[in-house]
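Let me begin by presenting the structure, written as structure tokens, before commenting on it.
Numbers restart at 1 for each chain; the letters A, B, ... are given by sequence-line order, proteins then strands. Hydrogens, waters and symmetry mates play no part in the numbers below; they use all other heavy atoms, side chains included.
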Amino acid sequence: MNRFFKEPWDAVLSLVTGLMITLRQMFSKPCTIQYPEERLIWPDRTRGRLVMPRTEAGKHKCTACLMCQRNCPNGSIEIKVKTIAGSNKRELDDYLFHLDRCTFCGICVETCPFDALRMSHEHEIAVQDKARLKLHLQTETIRFNPAWRGALPAKDDTVEAQKPGQSSEERAD
Amino acid sequence: MNYIYDLSRIVQWTRAQLHWLADWAGTSVFWADGLGTLIVMFVLFAFCASVVMVLVYAERKIAGHMQARLGPMRVGWHGVLQVIADTIKLILKETEIPNRADRPLYRAAPYVVFVSGFLALIALPMDKNLVPVQLNVGLIYMIAIGTPGVIGILMAGWSSGNKYSLLGGMRSAAQMISYEIPLVLSLLGAVMLAKSLDLHTLVEAQKIPFVVYQPVAFFIFLISAVAETNRNPFDIPEAESELTAGFHTEYGGIRFAYFFLAEYVNMFVLSALGATVFLGGWQGPFLPGWCWYLIKTGAILFVFIWFRWTYPRLRADQLMDLSWKVLTPLAFINILVTGLILVLM
Amino acid sequence: MEAQSKSVDTLSHPEALQTDVITLNMGPQHPSTHGALRLILKLDGERVVSAQPDIGYVHRGYEKMAEAMTYNQYIYLTDRLDYLSAIFNEWCYCLACEQLAGIEVPRRAEYLRVISGELCRLSSHLVWLGAMGMDVGAFTPLTYTFREREMILEIFDLLCGQRMTFNYCRIGGVARDLPAGFIERVRDFLKYFERMPDVYDRLLSDNAIFLARTRGIGTLTQELAHSHAVTGPNLRGSGVSKDLRKDDPYSVYAEFDFKVCTQSEGDALARYRVRVEEMRQSARIIKQALDQLPAGEITAKVSRVFRPPVGETYARVESSRGIQGFYLVSDGSAKPARCRIRVPSFAGLSVMPKLLHHVQVADVVAIMGSIDFIVPEIDR
Amino acid sequence: MSRPELQVEQLQAAFPEAKAEAGKAFGPELLLGSVEQLVAVCEQLKTAQEFGLEVLEDYTALDTGEQFILVLRLTSNQIITRKLTVKVSISRAGAKVPTLCPVYGSAEWYEREIFDMFGIRFSGHPDMRRILLPDEWKGHPLRKDYKDERMLKRPGA
């Protein structure tokens with residue numbers, strides 16, 4: 001008896017439950033964001049493409065120490081160094097950034113001892129010519145937008161330094 | 001009363017004009033009727049195409065909202081022109097034929113599928129006086145003319161020279177043949193009540209829609225109709241996750257468009273048949289008949305779409321089991337009970 | 001619907017029908033091969049006579065690449081092994097490095113790893129659930145699960161600046177502390193997520209069609225699971241209660257209260273149930289971890305150039321697909337001498353020919369979906 | 001359920017011709033004297049009641065420059081904390097290793113991978129082909145002497 005009445009009945013019931021779920025969803029709000037017009041707000045740490053922030057006067061902080069080049073796992077940074085005539089000082093000649101090799105891991109920013117690099121929030125970086133993926137950050141005209149903040153090496157946006165013993169509940173407030 | 005909305009008057013008027021024209025030209029009424037038939041066919045094709053456009057748009061929108069998405073939004077207001085854009089794209093696309101295809105069959109298949117669905121449309125009574133062709137065996141005609149569609153699908157599956165297509169075609173043949181039987185049997189209950197095979201009479205017999213007397217038959221009809229149209233949860237012939245696209249894997253461009261058209265026309269035809277036989281067709285208060293007809297058909301179509309975007313797909317053998325072990329016996333029992341009640345009353 | 005078909009025994013008497021076996025090349029591009037997997041199926045009608053997986057289409061030589069990179073540089077690459085639960089790869093790799101050098105990870109860092117790891121497990125299972133629905137032909141669960149997964153990905157974006165390739169773990173800890181508002185965000189998500197497994201249940205797993213499609217399909221017996229070194233939810237679906245988080249607790253898992261979910265049947269449905277239950281447990285772990293989150297440092301003192309002493313180690317974590325292992329051999333230099341990655345899907349897939357024996361074509365995708373392998377991880 | 005861990009003495013007693021050590025990485029280590037013992041040892045480790053290591057969790061090789069070392073990680077699904085590492089050294093020049101396929105099902109793919117990456121052939125293997133790399137690939141990448149001019153060159157490195 002069970003097999004002929006209860007099981008089919010349960011089956012039909014389960015199917016109707018499924019229908020109800022989709023029907024309810026149909027009258028709820030969709031979660032789509034229509035991309036070019038509507039956009040998500042990027043969190044501060046979002047890693048977009050690498051930029052070299054500069055001051056109003058156009059100065060950057062890079063000292064050509066080659067840390068980023070050495071630490072980049074993909075070899076996407078190539079730095080040319082020149083020595084300033086008359087002194088032993090090294091100076092940045094050309095900062096070549098191969099965007100096509102970059103995986104946006106952010107190690108360069110992390111290892112930069114002079115806070116000279118940032119990962120911007122710029123993510124619409126598709127181009128139609130591969131040559132345009134070679135970027136000379138040093139001479140680039142794009143101004144670093146302070147609103148991006150980028151993947152910063154500084155611990156600026158983290159939870160305030162906690163004292164041991166403080167419970168998470170208190171910290172959360 | 002509903003003079004303006006009564007489409008049948010337009011038909012009558014056109015017919016009268018044609019006859020007058022024949023009279024004036026001195027030819028026989030035969031030619032006038034022939035011309036009339038051509039016009040009707042043309043109108044029906046236009047109707048068919050617009051129904052499909054509305055359906056495709058509705059399906060995409062409903063699917064979108066059921067899936068917490070928006071569906072098409074870009075072309076026109078809320079994407080209403082999306083279907084037209086897609087159609088243009090499909091028409092303009094290059095039509096390729098695979099090297100190993102059986103060319104004549106490959107070319108013919110989509111049209112065979114489409115025509116069988118389209119021809120079924122002409123027997124449906126859309127309003128009291130709005131029946132393209134009134135046949136006294138309309139129901140049988142509807143069922144019979146829909147059947148060659150499976151040959152088209154089989155042709156497509158075989159001729160593509162693709163194993164996925166072949167599997168899809170075979171599945172489709174097995175499935176459609178199995179589901180014809182419960183489909184027809186479920187309709188028989190209503191026929192017994194109305195004592196007629198004429199769709200028009202069937203509708204007029206329904207002072208109360210037959211679904212009240214024949215709920216089981218309607219249920220069987222609904223399931224079989226979904227299976228007949230190869231739609232989820234019975235879409236094994238095109239089963240995307242298994243057979244990529246089943247029988248129409250290799251099709252593109254205008255030929256694919258015809259398959260697409262055929263699928264939706266079939267869907268419309270079967271829904272309209274259900275609305276006619278079980279839901280009282282064009283009968284209903286206040287609104288003109290063809291409005292009721294479209295509303296009822298639309299309700300069944302919505303259920304089709306609702307099923308598709310809710311359920312997983314059955315496996316081929318489970319599908320057969322459902323048809324032969326559940327639906328067919330159930331339909332027979334339904335006929336038996338209906339017959340007994342009719343005899344006893 | 002429940003009944004399994006008893007086909008005519010044409011396999012043992014092929015001469016009766018004069019049938020022929022056809023070879024169907026499924027993949028590497030196919031809607032349900034989850035990446036670039038190729039299955040060579042031999043079919044007798046709808047029935048599979050033999051199935052041979054062919055892998056390697058996404059091979060990138062990660063084990064070789066490790067030998068040319070410093071320990072720190074390699075972390076980001078591990079994200080791309082199992083991209084759906086990337087944190088486990090990083091975690092396991094860092095664990096191996098820490099074992100090599102004997103580094104003690106601060107407790108706060110361990111907690112952060114657990115939180116991100118369990119979030120990752122959730123998101124991975126969500127993708128799997130949607131894909132599983134897709135494999136048996138239901139489209140809608142996919143969009144629902146992706147909606148929830150999207151929320152997790154946004155949380156990760158908040159935490160480490162990327163949605164899938166996190167690069168979050170570091171040798172000796174994690175890259176960054178929690179951002180402001182993170183804890184509330186996760187709590188909000190968990191509150192929202194609480195009822196979702198029930199919705200999935202009602203939409204998919206209680207559905208009669210879904211049950212008919214998955215019950216009794218692709219039964220993985222315990223013997224087969226042992227022999228093919230199947231781990232993770234697939235193994236637990238066969239009734240073996242093996243979960244490294246419980247049995248060999250690494251990190252701080254010993255401090256959490258959670259259940260190891262098992263099902264005894266071993267079929268596709270059992271594996272499915274295990275994973276849905278695991279989602280609930282993961283949510284529980286995250287909740288506890290947020291409550292107990294200690295203060296303190298997030299990284300141990302590790303020199304910038306990481307040079308572990310000569311030696312070797314093998315670290316394991318329970319990733320969302322099973323046991324993930326890293327075998328590191330150090331020769332004292334800044335680059336590993338050998339980095340071997342033990343991935344759960346590799347063994348999980350090797351059992352496929354056995355599972356796919358004599359099933360129907362439609363079951364092939366259902367079984368593949370239920371096994372939940374991920375091809376970039378297999379190919380490495 | 002929680003039977004004690006494998007002891008070095010116990011292993012040494014069971015396999016006198018091998019060398020048992022307290023390994024650091026993954027349970028005790030069993031260093032086999034010759035590769036011919038491998039199958040018999042594994043068979044015993046799998047079937048004998050006191051070991052019960054029925055899972056070959058990982059099987060890989062290592063190129064030290066002078067020789068290859070095969071590394072096996074055995075675990076148990078019944079006594080879950082139990083684990084054992086088995087190692088055996090083989091010569092670099094065309095050593096033949098008996099296959100473990102009859103003992104462990106997972107060995108089939110692991111051995112194919114080892115062959116693919118190191119060029120170690122396994123005798124008796126049912127399907128000794130490359131598994132990850134294309135069949136026409138030249139060389140075995142994880143050997144220390146493998147060279148490929150297409151490998152990435154990092155600037156400055």
Side-chain angles (χ1 to χ4, degrees), chain B residues 59-60 62-71 161-175 223 226 230-246 249 305-327, chain C residues 1-7 22-27 29-34 41-43 45-47 130-148 150 199 202-205 207-215 217 359-366 368-369:
Chain B
E59 166 136 44
R60 293 188 62 177
I62 292 171
H65 283 273
M66 278 183 175
Q67 299 185 336
R69 299 184 285 121
L70 288 167
N162 177 321
K163 286 164 188 168
Y164 290 117
S165 300
L166 181 63
L167 280 173
M170 300 312 273
R171 281 179 176 195
S172 172
Q175 170 182 350
I223 295 176
V226 177
N230 290 338
R231 285 175 65 85
N232 205 317
F234 305 102
D235 63 340
I236 56 160
E238 34 197 288
E240 196 209 335
S241 57
E242 301 146 30
L243 302 182
T244 53
T249 306
I305 294 171
W306 196 7
F307 278 172
R308 174 164 179 188
W309 300 107
T310 306
Y311 292 145
R313 180 187 311 118
L314 278 167
R315 209 171 54 206
D317 59 321
Q318 289 162 347
L319 203 78
M320 297 299 147
D321 285 353
L322 182 66
S323 167
W324 294 107
K325 292 184 187 165
V326 182
L327 295 182
Chain C
M1 269 193 286
E2 301 279 298
Q4 285 281 318
S5 73
K6 288 186 202 68
S7 75
I22 63 168
T23 310
L24 187 68
N25 190 13
M26 207 173 188
Q29 274 125 30
H30 186 273
S32 56
T33 49
H34 300 249
L41 299 175
K42 289 224 176 358
L43 299 179
E46 283 266 330
R47 215 151 263 271
M132 172 87 196
M134 198 87 160
D135 284 342
V136 294
F139 292 83
T140 307
L142 184 86
T143 59
Y144 291 5
T145 54
F146 264 59
R147 177 183 57 195
E148 273 79 79
E150 186 62 33
V199 174
R202 276 184 289 158
L203 182 61
L204 197 58
S205 23
N207 189 309
I209 300 175
F210 183 80
L211 293 180
R213 279 299 304 278
T214 50
R215 188 174 281 156
I217 303 256
V359 299
Q360 298 205 6
V361 179
D363 293 336
V364 172
V365 286
M368 281 205 295

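- Rounding to the nearest 0.5 angstrom, the gap separating the CG atom in Asp135(C) from the CZ atom in Arg213(C) is 9.0 Å.
- Contacts between Leu43(C) and chain B at a heavy-atom distance below 4.5 Å involve the side chain alone, from C-beta outward.
- Of the inter-residue distances, the one linking Leu142(C) atom CG with Met132(C) atom CE reads 13.0 Å to the nearest 0.5 angstrom.
- Going from atom CD of Gln175(B) over to atom CG of Leu314(B) covers 9.5 Å, rounded to the nearest 0.5 Å.
- Remark: Thr145(C) pairs with Leu126(C), Leu129(C), Tyr200(C) by the side-chain contact (heavy atoms from CB on, under 4.5 Å) rule, at least two apart or across chains.
- Ranked by non-hydrogen atom pairs under 4.5 Å with chain B, the options Leu24(C), Leu203(C), Val364(C) are led by Leu24(C).
- When Thr23(C), Asn25(C), Val361(C), Leu204(C) are compared by the number of non-hydrogen pairs under 4.5 Å with chain B, Thr23(C) comes out ahead.
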